[in-house]
Structure formats: structure tokens, C-alpha cells
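These numbers come from the heavy atoms of this one structure, side chains and all, not from hydrogens, waters or symmetry mates. Remember, predicted model here, so these are calculated numbers, not experimental data. Residue numbering restarts at 1 for every chain, and letters A, B, ... go by the order of the sequence lines.
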Number of protein chains: 2
Amino acid sequence: MNKKRSPIDLGALQGEETVTGSGRDEAIYRNLYAAIVENHLEPGTKLPEDTLAEAFAVSRTSIRKVLQRLAYERLVDIRLNRGATVAQPTVKEARDIFAARRIVECGAIAQVVARATPAKLDELRDIVRREQEAEARGDRRESIFLSGEFHVALIRLSGNDTISDILAGLVSRSSLVIATYGSPMSGSCRHTEHHDVLDLIAAGDAEGAREWTERHLREVERSVVLLEENPAAPDLRRILDDVAQRQRRQR
Amino acid sequence: MNKKRSPIDLGALQGEETVTGSGRDEAIYRNLYAAIVENHLEPGTKLPEDTLAEAFAVSRTSIRKVLQRLAYERLVDIRLNRGATVAQPTVKEARDIFAARRIVECGAIAQVVARATPAKLDELRDIVRREQEAEARGDRRESIFLSGEFHVALIRLSGNDTISDILAGLVSRSSLVIATYGSPMSGSCRHTEHHDVLDLIAAGDAEGAREWTERHLREVERSVVLLEENPAAPDLRRILDDVAQRQRRQR
DNA sequence: TAGAGTCAGTTTGTACACAAAACAATATTT
DNA sequence: AAATATTGTTTTGTGTACAAACTGACTCTA
């Protein structure tokens, strides 16, 4: 028997009574996205439409739209008549994703060096600071998340939204890869400091920044080894509640 | 009054009575995708759900899913309560897309050189041949389409599906850019021959292939985008031109 | 006991209906 | 006559119902 639980709070913003229109789908999307990318939902977890619909207090129609979108982004896997599950990247996919990141990030870094301003670089330093704090307190989840944020924010300085969006997709899929294959210890970008590349950029050293990026990404890939894990069926509903609460706190 | 027309034939395959399941959505998607990318539907064209639903003899539900997918690929634009239209890339988007293609194609070409086989190169030569044929007979639509096919098929030789899929998306958006800003004459890849790069690859000249790709993409971009320079209201300008031309023809 | 078949329960796919928003055209007011 | 208000039509957004497909357990048979 499924106990009835009160729906997840999506957080009506700006004094609206209830979240409505596209804002609601967006909120649901963000919640699920965060749950997957921040590794609260293990790869392979089933995502039944009814459960999600009840959890967010909407009809299956809205849920389907969100799942469809996540499927396009390759974060969930939808099979005919079989529903959606959190995607499990294969080893080849994992390699392809990292190779793609090397191409994209190394290719865009020259523009970043050309267009970076001290103010923008300070924003990046702030991300690094928070990343180090999370790491210091042992919050591996947050530290992985902020590491991804750093890479995307860095490339966004290139001013090319198209390439930045592409990278954002690759980074979120990287999180899934780390979730499936990541070794318990390393995982994130601990070996080399993100600070270093900021100094290279500040110095206007485009080629140095490119080399750093290449080396850095190879190290990250190498630290994610091929370990297999078997997930037990988790309490989907409880996890979603937790993530939603976290989201609410962040506003 | 709308005349009732018989539905579009989706082509039931392998002796099935009617196309069903995900195959039907896929078929509808392909039809719409081709219509947009091959420039049968002008950028800005409205795509009302009812019309499409009737045309393909399905309910709006299926149409919505397809439009959603096309929106994710940035080929159509969906605005709240306002429906879907064929996307109209801005000038900045156009530049970003070509810059992204330079990064992706130049970044992946080394792997292509490393992994290309004579058989695969022959397949590419076949595409070039068909492209030249289309061009010779003045079929601009087909020649643009095959030009895009060539670029994607080339990079697919790298063996990296992730980067190939990304490029496929960029190439289809390029077609939209050509449709919105393309000059009547040039447009496609006529200046330099695609054959050249195949010879470089066959010779194992990775750096030469990279330089060719860079140069080639810059030429394509130059032949397309730089004609229109007002980012304020490009569509208004186009419409006014059309109206003026129509007026002139009516006299 | 292993295997095939059947049947109920669950989950997804698709159509449809109704509500809400945008649009267009006419009416109203100054 | 211009600007605004109003009303009717069209189009989109969302929930719900029903059909089809899958899942898993149970039974029957060899």
C-alpha cells in the first residue's frame, strides 16, 4: 500500500498563489534534473509517471513532457511501453563524452582568454572557493556539482551561447558517468586546481590555458575508472522530497 | 473554410497495416524535420497543432511531442500560449553556430584521419558525386542538403557518436541559417570542393585536413551571414522587401 | 520439477474534452 | 476619427479516460 503524502512544494515565486503555466513544468524539470545530476537518483532507477505525477501534484501530461525533455538531454532513457529510467551511460559513451569535452573546451578556451575580464574571473574564483569549501567539509556531491558549474561558467565567458549550451549538456552527462563509474574516492577535479587555469587566463596565455584544459580533462577521465555497482530500489519519493527541500533552501 | 484533404502518407513499412507505436511519431518527426531543414517551410512559418494533427491524421498529443522535440533541437520556436513557429536564428546565433562548427569539426578531424578506411572514404566520395550532380542540374535544395550530409558523415568516421550527434544538430541549424540569411546565389559549399579534404585524409595529412576544414567553414560562413547586418528587426526588413517585390510584380 | 500458458494487475500510449489565453473584429466613447 | 473596450473566434494548455502493452504470479501439464 502506498501511503498518501503531501505534494512536493515547487515554491511559488513572486507572491503568486500557485505556480502555473510553463513555470510549473520548469520547476518540475529543475527538481528532477538536480536529482539526477547531483546523483540523488542512481542510474537505472525507474521513474514511473504516476509516482512523479502524484509527487508533484500534477497530471501525467506534465510529467511526460519533462521526462521527454530529459530524454532528449540523454539524462533519462525512455523505452517504448516501458517507461523512463535514469540513464546509464555505457563505457563507450563515457569515453565519447570526455573526448567531446576535450574538443569543445579546448576549442573554446582561446575565445575565453580573449574576452575574459577581471570581474568575470572573480566570479569564477568564487565558484572555486565554494568548491574548495565543499571539499573541505567532505561534501562530495556539492563539490562535484560545483566543479561542473566551473567548467560551464568558464566556457560561457567565450560569449558563444551555442557552444556553452552544448558543454552544459556534456557536463551534466559527465555527472551521470561519474555516478555510474566513479571511484569512491577521487571522482571530481581534485588533483589539479581550477585556480591554475584562471591565473593562465588572467595572464593572457591562451596556449597555456589550452594545454591545461587538455591535461585536466584527461586526468578527470582517468580518475573515473570502470567499477560496477548494483543499486537497490531506493525510495524515490523520499529522495525527491529531500531534493525539493534543498532547492527551496537555495532560493 | 478549410478544405478536407486526405492525410499525409507516412509509409507503413514491412507490410504493417498501419504505422503505430513510436514508429509513427518518428515518421511525423522526420517529415517535419525534412520540411524545415530542406527549406520547404520558411523560417517564421506558424505550425498550428490542429493543422498538423489533421494533416498526419493523429491527435494533437502526438504532434505536441514532435514539436517539443524540434524545439529542443532549436528548429522550431515554442512560446507560451502562442504555439510553434519555424525558428528564425538571429545573426548572433548564426555566428555562434558556425564558430561551434569550426570548434567541433576541426577538433574531431584528427580522429577521422586516424580511423578513415578506403571503403568509408568511397562512401563519402559518393555523397560528393551526388552533390555535384544536384548542383549541375541546378537543384539547390538537394545540393545544400547533401553538403550538410557530407559534413556529418565525415565526422562520423571519427567513431565518436556524441560529437557526431552534436554536429548533426549544428548542421541542421545551419540549414535554417542559410534559409533565413542565405544569398540567392552562393549559399552552399560551392567555392571549395569537398573532394579536396578526402584526398588530404587519404594521404593521412591530419594538420592539412584541419586547416582545410577551418578555411572551408569560414568561407561558407562568409558566403551566408554577413549580408544582413541589422540585428534589430531582420524579419521586418525581409517582409518589407517581399511586399515591395510583390507590388512591383503586380504592375 | 521445469516449462509453457493464462490471467490479473500495473504502467504506458493516445485520443478527447474542457478551461484559459491570445487574437481579431466590431462597437463604444471622447 | 482615434483610441479604447468588448465580444466572439481561434488556438493552446492541462486533466482525464480508455485502450494496448508489459509484468509477474499462478496453474496445469509432461
Side-chain angles (χ1 to χ4, degrees), chain A residues 1-4 7-8 10 12 16-29 31-32 41 44-72 76-87 233-237 240, chain B residues 1-4 7-8 10 12 16-29 31-32 41 44-72 76-87 235 239:
Chain A
M1 276 270 176
N2 258 338
K3 263 189 205 164
K4 229 185 197 165
I8 292 172
L10 293 174
E16 281 179 21
E17 282 297 317
T18 58
V19 183
T20 182
S22 71
R24 188 169 55 178
D25 287 353
E26 188 64 20
I28 295 172
Y29 166 77
N31 269 267
L32 263 182
L41 294 172
T45 305
K46 205 158 181 337
L47 300 170
E49 299 179 353
D50 270 335
T51 308
L52 295 173
E54 204 180 318
F56 291 107
V58 293
S59 76
R60 279 174 50 216
T61 310
S62 308
I63 296 297
R64 279 175 82 78
K65 189 155 78 173
V66 170
L67 288 176
Q68 212 72 41
R69 178 169 169 192
L70 290 166
Y72 296 145
V76 316
D77 200 40
I78 295 182
R79 281 175 312 176
L80 183 61
N81 285 322
R82 218 160 270 203
T85 56
V86 178
D235 185 351
L236 175 60
R237 182 53 205 272
L240 287 176
Chain B
M1 278 286 169
N2 260 340
K3 263 187 207 166
K4 228 184 201 170
I8 294 172
L10 294 175
E16 280 180 22
E17 282 297 314
T18 57
V19 184
T20 181
S22 73
R24 189 168 55 180
D25 286 355
E26 188 65 20
I28 296 171
Y29 165 77
N31 270 48
L32 262 181
L41 294 172
T45 305
K46 208 160 178 336
L47 301 170
E49 298 178 355
D50 270 332
T51 309
L52 295 173
E54 205 179 319
F56 290 107
V58 294
S59 76
R60 279 173 50 215
T61 310
S62 308
I63 296 298
R64 272 175 147 273
K65 188 156 77 173
V66 170
L67 289 176
Q68 214 72 40
R69 177 168 170 191
L70 289 167
Y72 176 75
V76 315
D77 200 41
I78 296 183
R79 282 175 311 177
L80 183 62
N81 284 322
R82 217 159 269 205
T85 57
V86 178
D235 55 337
I239 289 167

- Note on the structure: To the nearest angstrom, the CD-C1' distance between B/Glu54 and D/dT11 comes to 14 Å
- Spacing between B/Ile78 atom CD1 and D/dT14 atom P, to the nearest angstrom: 12 Å
- Quick one: are A/Leu32 and A/Leu67 in side-chain contact, heavy atoms under 4.5 Å? yes
- Nearest-0.5 Å distance that lies between atom CG in B/Leu41 and atom OG1 in B/Thr85: 11.0 Å
- Task: Could you please name the option among C/dT14, C/dT12, D/dT12 that lies closest to any side-chain atom of A/Glu49?
- Result: C/dT12
- Item | Gap between atoms CZ and P, on A/Arg79 and C/dT11 respectively (whole Å) | 16 Å
- Item | A/Phe56 vs A/Asn31 side-chain heavy atoms within contact, under 4.5 Å | yes
- Message: Distance check needed: C/dA15 C1' versus B/Arg24 CZ, whole Å only.
- Response: 10 Å
- Message: Side-chain N or O of B/Thr61 versus OP1/OP2 of C/dT14: is the shortest distance under 4.0 Å?
- Response: no
- Ignoring backbone atoms, establish whether A/Arg64 has a side-chain N or O less than 4.0 Å from OP1 or OP2 of C/dT12. no
- Message: Rounded to whole Å, please give me the gap between CD1 in B/Ile63 and P in C/dT14.
- Response: 12 Å
Write down the protein N/O and nucleotide N/O pairs, taken from nucleotides 22-24 of chain C, whose separation is under 3.5 Å; answer none if there are no such pairs.
none

- Roughly how many Å is it from CG in A/Asp25 to C1' in D/dG15, rounded to a whole number? 13 Å
- Please state whether the phosphate of D/dT12, meaning OP1 or OP2, lies under 4.0 angstrom from any side-chain nitrogen or oxygen of B/Lys46. yes
- Item | Value rounded to 0.5 Å, distance of OG1 in B/Thr51 from CZ in B/Arg60 | 11.0 Å
- Task: Calculate the interatomic distance between A/Arg60 atom CZ and D/dT14 atom C1'; express it in whole Å.
- Result: 13 Å
- Between B/Val76 and the options B/Leu47, B/Val66, B/Thr45, the side-chain contact (heavy atoms from CB on, under 4.5 Å) test singles out B/Leu47
- Message: Any base atoms under 4.0 Å from B/Ser62, or only sugar-phosphate, or nothing? Heavy atoms, all strands.
- Response: sugar-phosphate
- Item | Least distance between heavy atoms, A/Ala53 atom then A/Ser59 atom | CB-C, 4.0 Å
- Taking only residues two or more places apart in sequence, or in another chain, which ones meet B/Arg69 in a salt bridge (charged side-chain N to carboxylate O under 4.0 Å, His left out)? B/Glu26, B/Glu73
- Task: Using atom CG of B/Leu67 as one end and atom P of D/dT11 as the other, report the distance to the nearest whole Å.
- Result: 14 Å
